[in-house]
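Excluded from the calculations below are hydrogen atoms, water molecules and symmetry mates; all remaining heavy atoms, backbone and side chain alike, are included. Convention: sequence-line order gives letters A, B, ...; per-chain numbering from 1.
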Amino acid sequence: MDRTERLARIVADHAFREGPLLPILHDVQHAFGGIDREAEAAIAEALNLGRAEVHGVVSFYPDFRDAPDPRPEVQLCRAEACQTRGVEALVPAAQAAAGERVRLTSVYCLGLCSAGPAARRGGEVFARLDEAGVVRLIEEA
Amino acid sequence: MTKVRISDDALAVACGADAVAAACEAAGCSVERVSSWGMHWLEPLVEVDGIGWGPVRVEDVPQILPGTGSGAATRSGGVEGHGRDRVPSRGLVEPPVPLHQPAAGPLPRSGEALYVGPIAEHPFIARQQRLTFARAGRTRPLSLDDYEATGGWAGLRRALALAPDEVVGEVTRSGLRGRGGAGFPAGIKWQTVAAATGARKYVVCNADEGDSGTFADRMLMEGDPFALIEGMAIAAHAVGAQQGYVYVRSEYPHAIAKLSAAIELAAARIAPFRIELRIGAGAYVCGEETSLLNSLEGKRGEVRAKPPLPAVAGLFGCPTVVNNVLTLAAVPHILAEGGAEAYAALGTGRSRGTTAVQLAGNVRHGGLFEIAFGITLGELVHDIGGGTASGRPVKAVQVGGPLGAYVHPDRFDLPFDYEAFAAADALVGHGGVVVFDDSADMAQMARFAMQFCAVESCGKCTPCRIGSTRGAELIDRIRLGARGLDAVASLPQMHNAAKVPRSRAEDIALLQDLCETMRFGSLCALGGFTPYPVLSALKHWPEDFA
Ligand SMILES: Cc1cc2nc3c(=O)[nH]c(=O)nc-3n(C[C@H](O)[C@H](O)[C@H](O)COP(=O)(O)O)c2cc1C
Ligand code: SF4
Ligand code: FES
């Protein structure tokens, strides 16, 4: 299946839903690593929307990217409860460990706030992180 | 065979529960993965033949299993059995522990240090009044048998035997108010939807739980997902809805997995009502109900002006119930025989029933504490939470998430009650309590609040979109003691701005003025409530702004 067909398949998979755009965007990003102009145009066409409308939605939500980023991602929680448990002190070591190889991003709460500092790597979650712990999970990403 | 129960809640897993479960299985135990009791400082909490041990690491497993390694000996001074009354129980008072558990080292700890005892008798659990979280720690989240055996579906069965308006009446009588933040009476909302006319009606569960310091929605979805489904089905019957949606934030992969499995398992049980799971995409503001509806419709998560209320014109313009996870999950209990009266009998003033307090941040005993409204903040932080995890004095607590005020310990007499908190310029919100020790810099926290608002603003109104950025700059200026003419004031188009530099007092007055503008000029509570953490920090800890 080429790209166009895969895109069409994703859109068709969600056609039965009310308000299918977000589920489609999640799947497109999952399949292609990002949602570029071409994909936006194809989705817009299929849903009878303007490309600007689709682009407006893609650019509103932090989870959506316009271009794939092949690097593994580690999300470090930097919200209030994790701050009280010392996450800011881990940031320099985390950044050094991530370097250019790992995309280290900040999130605001993973719901592990009684056991922070917390982080997420895809479907895995980590808590009670100290410097060694955060460096290890980034190096193993 | 030794029966072992270990939680598969995301927090337990994040603390290593999967590896501990595998080690127990390798040692020949039969392992059941259950929901979490909510004593987070003890996770992974392992229940061996009814006796709790925690926090357990893989190396500790031989210590806590009967008949393996030095377990029994260490545990009860050489006496066989669990020696419950020989081992000092780990009560609520214990010496401060380091904030960070040391990384898993090779040395097993003695069984004694891990001994918790019969879990339900632990003071942290025994003091609670668990209704919404009655199953926490006790059942397998995706077992329909466990659910049924613990009273599951009784509320739905009874509701379906009642007329829709009688169901609404029961919810109204229970005094249940929305747990998402605003505390709006659930019965009145349902009544409005029931009375409204529309081509279709919807029940939408708000599971966006974006507030830092909150995790009760997550625990419920992971630990007792059928209770949420049952609550939604009851709501659907009460208002005449055919379709339900649960909007879960993407930051909760475990909750998403559990809930989607549960929805499939329960589909036949709630038919013809249908529930579909939808995943958010990282925007905090999508927890605001109208923004959430836009997001469900496939639009940018911008907040809508009210009226029309979602109850009248919500999802796709149809009458829609939007309720928080905890609001809906409280409903099965309320609809069970005598439930409404029992619920209304708890609480204080107009805050009826129980509240799921989430103790978080720098607190020794963090976790989920469900209790009738009316308990004071001081009891929660000191008696139950055990003070700070760092052992240092408590400086502040933030209640109600990033939009909640910072409360000074001199107001620890405040009872958990919507009206009492509002009167003190504070917010119960979703019930998160984040504890800060004396190393916290409250000016930094005030700046964080402004910055968070700037990042998460949906952009619809100026006080929020631009005011928050100006607010963060202003706090920087105050903290740095900058005395020059500020960059914005010196722009040529700022005709009315004073051309002499502002003093510190003028900067602070300007910050207060900006907060007033945000409070009264914002469309939703993101811009409207961000001033609360800022102004409370400024009021109680002015020295931090020097
Ligand atoms: C910025 C913002 C974020 C919100 N986030 C949530 C949330 O994550 N979960 C929630 O249930 N309510 C949230 N709310 C409140 C909802 O707008 C709404 O009041 C609630 O979902 C209604 O349900 P309830 O009556 O059961 O509380 C938020 C409100 C605002 C202004
Ligand atoms: S206050 Fe902020 S988040 Fe709320 S509607 Fe206005 S711009 Fe959007
Ligand atoms: S604040 Fe970090 S997990 Fe909630």
Side-chain angles (χ1 to χ4, degrees), chain A residues 14 16-26 29 43 47 49 53-64 75 77-86 88 90 105-120 122-133 136, chain B residues 10-11 13-15 40-41 43 99-103 209-215 217-219 243 250-255 276 278-284 295-302 315-316 358-363 366-367 389 398 402 432 434-437 440 445 448 452 456 458:
Chain A
H14 294 290
F16 71 97
R17 293 185 202 281
E18 304 178 296
L21 186 52
L22 255 71
I24 289 173
L25 294 178
H26 275 299
Q29 169 144 318
I43 295 165
L47 298 184
L49 298 168
E53 278 175 276
V54 176
H55 181 70
V57 174
V58 171
S59 57
F60 182 86
Y61 294 96
D63 282 2
F64 299 137
Q75 298 180 324
C77 174
R78 297 178 67 181
E80 291 90 332
C82 283
Q83 289 181 34
T84 71
R85 301 180 65 94
E88 292 307 311
L90 308 183
T105 54
S106 301
V107 281
Y108 295 91
C109 197
L110 295 167
L112 308 169
C113 331
S114 51
R120 176 181 164 209
E124 291 174 285
V125 284
F126 304 83
R128 293 184 192 143
L129 289 169
D130 54 11
E131 197 171 293
R136 190 171 344 112
Chain B
L11 186 133
V13 170
C15 294
H40 290 164
W41 75 101
E43 293 287 6
L99 196 49
H100 309 290
Q101 299 283 331
E209 193 164 62
D211 292 358
S212 164
T214 65
F215 41 77
D217 293 352
R218 179 185 66 66
M219 284 184 65
Q243 175 75 42
S250 60
E251 292 85 347
Y252 281 179
H254 295 79
E276 189 179 317
R278 286 291 175 91
I279 315 301
Y284 173 76
S295 188
L296 276 177
E297 291 181 9
K299 299 178 181 151
R300 292 163 66 87
E302 279 169 5
L315 190 58
F316 301 107
Q358 297 131 82
L359 293 169
N362 193 340
V363 64
Q398 187 178 31
V434 178
V435 180
F436 292 71
D437 75 8
M445 296 320 296
F448 181 84
F452 184 80
E456 300 294 343
C458 84

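- Between A/I24 and A/L47, some side-chain heavy-atom pair lies under the 4.5 Å cut-off.
- Comparing A/R17, A/Q29, A/E53, A/E124 by how many heavy-atom pairs each has under 4.5 Å with chain B, the most go to A/R17.
- Aromatic ring pairs are classed by plane angle as parallel below 30°, tilted from 30° to 60° and perpendicular above 60°; the pair B/F448 and A/Y108 is tilted.
- With a 4.5 angstrom heavy-atom cutoff, B/Y284 does not touch chain A via any of its atoms.
- Note on B/A440, B/G366, B/G213, B/G432: by heavy-atom pairs under 4.5 Å with chain A, the leading option is B/G213.
- Only the backbone of B/D211 comes within less than 4.5 Å of a heavy atom of chain A; no side-chain atom from C-beta onward does.
- Both the backbone and the side chain of B/A283 come within less than 4.5 Å of a heavy atom in chain A.
- With a threshold of 4.5 angstrom between heavy atoms, B/T214 approaches chain A through N, CA, C or O but not through any side-chain atom.
- Only the backbone of B/L359 comes within contact range of chain A, with heavy atoms under 4.5 Å apart.
- Residue contact with chain B, scored on non-hydrogen atoms closer than 4.5 Å, is absent for A/Q75.
- Contacts with chain A were tallied for B/L315, B/V13, B/I279; B/I279 has the most, counting heavy-atom pairs under 4.5 Å.
- Here the side chains of A/L25 and A/D63 are not in contact, with every heavy-atom distance at 4.5 Å or above.
- Only the side chain of B/Q398 comes within less than 4.5 Å of a heavy atom in chain A; its backbone stays farther off.
- Heavy-atom distances place the backbone of B/L296, and not its side chain, under 4.5 Å from chain A.
- Interatomic distance, A/L110 CG to A/R120 CZ, rounded to the nearest 0.5 Å: 7.0 Å.
- Across B/G367, B/P402, B/A255, the residue that shares the most heavy-atom pairs under 4.5 angstrom with chain A is B/P402.
- In this structure, chain A has no heavy atom under 4.5 Å from any part of B/M219.
- The greatest number of non-hydrogen atom pairs below 4.5 Å with chain B, out of A/H26, A/R78, A/E18, is found for A/E18.
- The residue among A/A127, A/A79, A/A115 with the most heavy atom pairs within less than 4.5 Å of chain B is A/A127.
- Between chain A and the residues B/E43, B/E302, B/Q243, the most heavy-atom pairs under 4.5 angstrom are made by B/E43.
- Remark: side-chain polar atoms of B/E209 are paired, donor with acceptor, to backbone N or O of B/R218 under 3.5 angstrom.
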Checklist entry - Hey, mind stepping through A/V125 and B/H254 against side-chain contact (heavy atoms from CB on, under 4.5 Å) and telling me if it holds? => result CA-CA 9 Å; A/V125 284; B/H254 295 79; 3.5 Å; yes
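- For A/H14, the ring pair (Phe, Tyr, Trp, His ring centres under 6.0 Å) test picks out no residue, with sequence neighbours left out.
- Side chains of B/R300 and A/S59 form a contact here, defined as non-hydrogen atoms less than 4.5 Å apart.
- Side-chain contact between A/C113 and B/Q358 is absent, with no heavy atoms from C-beta onward closer than 4.5 Å.
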